[in-house]
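Scroll down for the structure; my scribbles are underneath it.
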Amino acid sequence: MHKHPTEAPQKAPPPPPSPAAHDTKKSIPSQGARYVTLLYPLIFFFLFITILVSSLNYETVPWNFFPFPSAKSSNPRVAICLVGGARRFELTGPSILEHVLNVFPEADLFVHSNLDENSFKLGLLRLAPRVTEMRIRRPAMLPETRQQKRVLTKSFSPNGIQGLLQYFDLVEGCLDMIREQETQGRFKYDWIVRTRVDGYWTGPLDLEAFKPGSYVVPEGCRFGGLNDRLGIGDRNTSEVALSRLSLLAQLDEAGFRDLDSETAFRAQLIVNNIPPVELRFPFCILSDRQYDYPPVRFGVPVTSMGSPGPLSGAKCRPCTVVCKDECMEQIGPRVNEMWGWTEWRNGSMELCNGSQPWEEGWEKIFDNVAGKVAAIVRRRVKNMKFDECVKEMDCLRKKAERWNGPDSAEICNLALLNTPSRTRKLPV
Ligand SMILES: *[C@@H]1O[C@H](CO)[C@@H](O)[C@H](O)[C@H]1NC(C)=O
Ligand SMILES: *[C@@H]1O[C@H](CO)[C@@H](O)[C@H](O)[C@H]1NC(C)=O
Ligand SMILES: *[C@@H]1O[C@H](CO)[C@@H](O)[C@H](O)[C@H]1NC(C)=O
């Protein structure tokens with residue numbers, strides 16, 4: 001078949017997805033844009049000839065006569081992968097819906113989470129524009145091989161190597177679901193967005209984050225490697241970035257030892273020649289973990305979820321702020337750049353004293369920061385009854401193209417009837 005000479009070659013990077021509701025000016029040049037660039041000389045030449053031949057006044061050339069190609073290229077396919085435990089999903093869920101899922105309403109959503117007493121909170125996803133697969137798996141210990149023990153370190157992970165493997169398995173499971181969808185539908189996704197169930201978003205996921213050939217991650221919280229709390233890449237770079245378990249063999253061969261999550265992540269991109277790009281993103285990780293205050297050089301700052309931001313994936317919680325402005329100028333520079341640091345200048349970060357569990361009255365602080373809708377969801381989930389829970393889960397099951405998990409009653413039982421669970425709690 002004859003191809004138009006200016007048609008983009010097959011290897012061209014996919015165009016960025018079209019967002020639902022925000023600025024498209026920031027989008028990177030798409031195939032369409034390049035098409036336009038190539039046509040400009042032709043158009044101007046045509047224009048020049050037209051002016052010469054017909055001696056028309058420049059102003060009177062009918063501009064819309066020229067066949068400008070539409071800058072819109074065919075819709076790229078986006079997969080959004082949401083992984084992790086639903087522990088505080090009643091708080092993070094509304095923000096993920098608003099700032100990630102509803103921004104890309106055409107995207108396919110894949111969820112991978114362990115079954116526990118918080119799984120029922122995932123019922124909130126019935127409000128997502130599209131749910132492709134829900135995988136809520138029964139927790140099980142993963143085997144730890146000699147190779148994995150060699151490459152990974154127990155330090156830094158609260159549950160040692162098992163905790164790392166569990167996390168890697170959740171992430172890589174997303175890639176399995178995506179492949180299955182691709183095989184069934186005979187297509188490939190152009191982009192994969194990988195994000196976490198415990199992310200609290202304060203602004204939309206930016207189109208600037210879609211960079212062909214690179215893997216984009218949040219700036220800061222590197223812990224000597226790369227921040228792995230969010231990642232965006234094209235199909236090829238995501239294949240590498242999400243293969244957290246299976247690439248450990250490659251890292252072993254390359255001689256890497258004693259890696260934690262962040263250093264392993266960096267190593268797997270480097271070994272595969274994928275340039276990471278760090279950008280600041282408007283989300284934080286809502287966490288119950290406690291860290292010393294004030295943070296020291298290799299400490300972890302616990303930020304207020306109400307900080308102006310962007311917090312770029314720092315740990316956060318609802319709290320009474322104990323440090324901002326001048327206080328931040330004292331504490332900020334002390335935290336090591338390659339470790340727990342996140343950009344704090346210009347008032348973007350405010351700190352909590354995170355050395356204790358969440359403070360009394362955090363609910364009110366949360367409601368003030370997150371707004372009315374989130375406050376309603378929080379109270380609804382807190383007071384949810386069994387029947388209501390089952391109804392919500394059934395609704396989500398109906399919405400999901402594939403349901404890979406227990407039935408609604410079992411999920412709701414775990415949380416709301418306090419029956420002995422058939423599952424063991426596992427670290428993740
Ligand atoms: C992705 O990888 C495949 C196979 O390695 C290659 O043929 C293709 O050109 C790559 N696509 C992009 C956009 O880099
Ligand atoms: C702080 O704000 C100034 C002025 O808007 C800007 O030039 C600078 O880049 C900002 N610094 C950081 C670290 O964001
Ligand atoms: C942080 O909180 C703990 C526990 O409430 C308290 O003992 C400690 O003094 C606080 N630290 C600072 C620097 O305020």
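Start at 1 and go down the list; that is how both ligands and their atoms are numbered.
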Between Gln166 (side chain only) and Ala140 (backbone N and O only), is there a donor and an acceptor less than 3.5 Å apart?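 Indeed, once roles are kept as given, a pair shorter than 3.5 Å links the two residues.
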
Scan for salt bridge (Lys or Arg N to Asp or Glu O under 4.0 Å) pairs involving residues 369-379, sequence neighbours excluded, and state none if there are none.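 Sorted pair list: Asp367-Arg378, Asp367-Arg379.
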
Note every protein N or O atom lying under 3.5 Å from an N or O atom of ligand 3, pairing the names and giving the distance.
| from | atom 1 | to | atom 2 | distance (Å) |
| --- | --- | --- | --- | --- |
| ligand 3 | 2 (O) | Asn353 | OD1 | 3.3 |
| ligand 3 | 2 (O) | Asn353 | ND2 | 2.3 |
| ligand 3 | 2 (O) | Ser355 | OG | 3.3 |
| ligand 3 | 11 (N) | Asn353 | ND2 | 3.0 |

Verify salt bridge (charged side-chain N to carboxylate O under 4.0 Å, His left out) between Asp169 and Arg137, making sure each step is shown before the conclusion. CA-CA 11 Å; Asp169 194 49; Arg137 64 176 188 186; 2.4 Å; yes

Would you check if there is a donor-acceptor pair between the side chains of Arg317 and Gln290 at a distance under 3.5 Å?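 Their side chains do not contain a donor-acceptor pair, so the 3.5 Å distance test is not met.
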
Nearest heavy atoms of Ala209 and Val216, plus distance in Å: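 It is O-CG2, 3.3 Å.
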
Under 3.5 Å, N or O to N or O, is Asn236 touching ligand 1 that way?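 There is such a contact, yes.
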
Strictly below 4.0 Å, N to O, side chains only: are Arg130 and Asp108 in salt-bridge contact?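 Salt bridge: yes.
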
